[in-house]
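Working notes, beginning with the structure itself.
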Amino acid sequence: MNIFVAKLSYQTTEEKLEQLFQKYGEVANAKIIFDKYEGRSKGYGFVEMPNDDEALEAINSLNDTEFDGRQIVVKKARPKEDNDSRGGRN
DNA sequence: TATGAGCGG
C-alpha cells in the first residue's frame, strides 16, 4: 500500500521515514520527494508497505503525530483506479 | 540560508 506522508521536516530523510514505519510493520520502500531545482526536500514523501493491515495501522498511528520535531500527515497515497470503466481519458 | 500546503527524482 502506498502511503502519502506530508508536513515532514526538511531535514527528514527517507531512511528515517522507513525506520519510523518499520516500527509498525514491514516497509518495502520509503521515498522523500526532493525539489528538482533546489535539490532540497519538498517536505513530503511516500512510504510503501507490502502489508495493507500494517500500513493502515501505521497511518492511524503516525498520522497527525510529531516526527523529527514536526507534526506529520500520513494518508493513503493516490488512490489507484479500482474501476477501469471510471474516468477514461481518451 | 529559509519556508509549510501538499500526491512523486
Side-chain angles (χ1 to χ4, degrees):
Chain A
M1 175 178 289
N2 293 357
I3 306 174
F4 174 67
V5 187
K7 297 285 284 295
L8 290 170
S9 176
Y10 294 145
Q11 301 175 111
T12 305
T13 60
E14 300 174 338
E15 56 182 39
K16 291 173 63 175
L17 255 182
E18 184 176 317
Q19 291 176 20
L20 179 66
F21 279 75
Q22 277 181 352
K23 296 186 297 187
Y24 295 89
E26 182 181 354
V27 177
N29 186 282
K31 181 161 70 177
I32 297 281
I33 306 303
F34 291 88
D35 187 86
K36 8 181 193 220
Y37 303 103
E38 300 186 14
R40 293 176 191 175
S41 173
K42 286 186 178 178
Y44 65 91
F46 294 89
V47 179
E48 184 177 351
M49 298 183 70
N51 296 321
D52 304 281
D53 296 311
E54 296 179 343
L56 293 172
E57 182 176 303
I59 293 176
N60 289 276
S61 299
L62 299 173
N63 183 34
D64 192 60
T65 56
E66 185 181 291
F67 176 57
D68 199 69
R70 295 301 190 214
Q71 201 169 63
I72 65 175
V73 178
V74 185
K75 302 184 298 187
K76 293 185 298 184
R78 299 260 191 135
K80 212 133 190 186
E81 198 64 35
D82 37 281
N83 192 339
D84 53 274
S85 300
R86 184 56 59 96
R89 175 182 301 152
N90 185 256

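A, B, ... follow the sequence lines: proteins, then strands. Residue 1 opens every chain.
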- Message: Using whole Å, what does the distance between atom P of nucleotide B:dG6 and atom CG of A:Asp35 come to?
- Response: 17 Å

- Would you mind reading off the distance between A:Gln71 atom CD and B:dA5 atom C1', rounded to a whole angstrom? 14 Å

- Looking across every strand, which nucleic acid part, if any, lies under 4.0 Å from A:Asn2 by heavy atom: base, sugar-phosphate, or nothing? base

- If you check every side-chain atom of A:Phe34, which of B:dG9, B:dG8, B:dG6 has the closest atom? B:dG9

- Could you tell me whether A:Leu8 contacts a base, only the sugar-phosphate backbone, or nothing, with contacts defined as non-hydrogen atoms closer than 4.0 Å? base

- Message: Between C1' on B:dG6 and CD1 on A:Ile32, what's the gap in Å once rounded to a whole number?
- Response: 13 Å

- Query: Which is true for A:Ser41 with a 4.0 Å heavy-atom rule: it touches a base, it touches only sugar-phosphate, or it touches nothing?
  - Reply: nothing

- Message: Closer than 3.5 angstrom, by distance alone: can the side chain of A:Glu48 be matched with the main-chain N or O of A:Asn29 as a donor-acceptor pair?
- Response: no

- Report yes if the ring of A:Tyr10 lies under 5.5 Å from the six-membered base ring of B:dG4 with planes under 30°, and no otherwise. yes

- Interatomic distance, A:Lys42 NZ vs B:dA2 P [rounded to whole Å]: 20 Å

- Nucleotide B:dC7, atom P - distance to CZ of A:Arg78 in whole Å: 7 Å

- Query: In whole angstrom, what separates A:Gln11's CD from B:dT1's C1'?
  - Reply: 12 Å

- note: A:Ile3, atom CD1; B:dG6, atom C1'; distance rounded to Å ~ 17 Å

- Query: CG of A:Asn29 versus C1' of B:dG9: gap in Å, rounded?
  - Reply: 12 Å

- Looking across every strand, which nucleic acid part, if any, lies under 4.0 Å from A:Glu14 by heavy atom: base, sugar-phosphate, or nothing? base

- Message: I want to check one thing: is the phosphate of B:dT1, taken as OP1 and OP2, less than 4.0 Å away from some side-chain N or O of A:Arg40?
- Response: yes

- Query: Less than 5.5 Å between centroids and less than 30° between ring planes, does A:Tyr44 satisfy that with B:dG6?
  - Reply: no

- Query: Any idea which of B:dG4, B:dA2, B:dG8 is nearest the A:Arg70 side chain?
  - Reply: B:dG4

- Could you walk me through whether A:Val27 and A:Glu54 pass the side chain to side chain contact (heavy atoms under 4.5 Å, CB included) test, one step at a time? CA-CA 9 Å; A:Val27 177; A:Glu54 296 179 343; over 6 Å; no

- Message: Among B:dT3, B:dG9, B:dG6, which nucleotide has an atom closest to any side-chain atom of A:Phe4?
- Response: B:dG6

- Item | Base orientation of B:dG6, syn vs anti, 90° cut from 0 | syn

- Task: Kindly compute the distance separating CD1 (A:Ile32) from CD (A:Glu18), expressed to the nearest 0.5 Å.
- Result: 11.0 Å

- Query: Is there side-chain contact between A:Phe67 and A:Leu62, with at least one heavy-atom pair below 4.5 Å?
  - Reply: no

- Any chance CD of A:Gln71 has more than 12 other-residue heavy atoms, nucleotides or ligands included, within less than 6.0 Å? yes

- Message: By the 4.0 Å heavy-atom rule, please label A:Lys36 as base, sugar-phosphate, or nothing.
- Response: sugar-phosphate

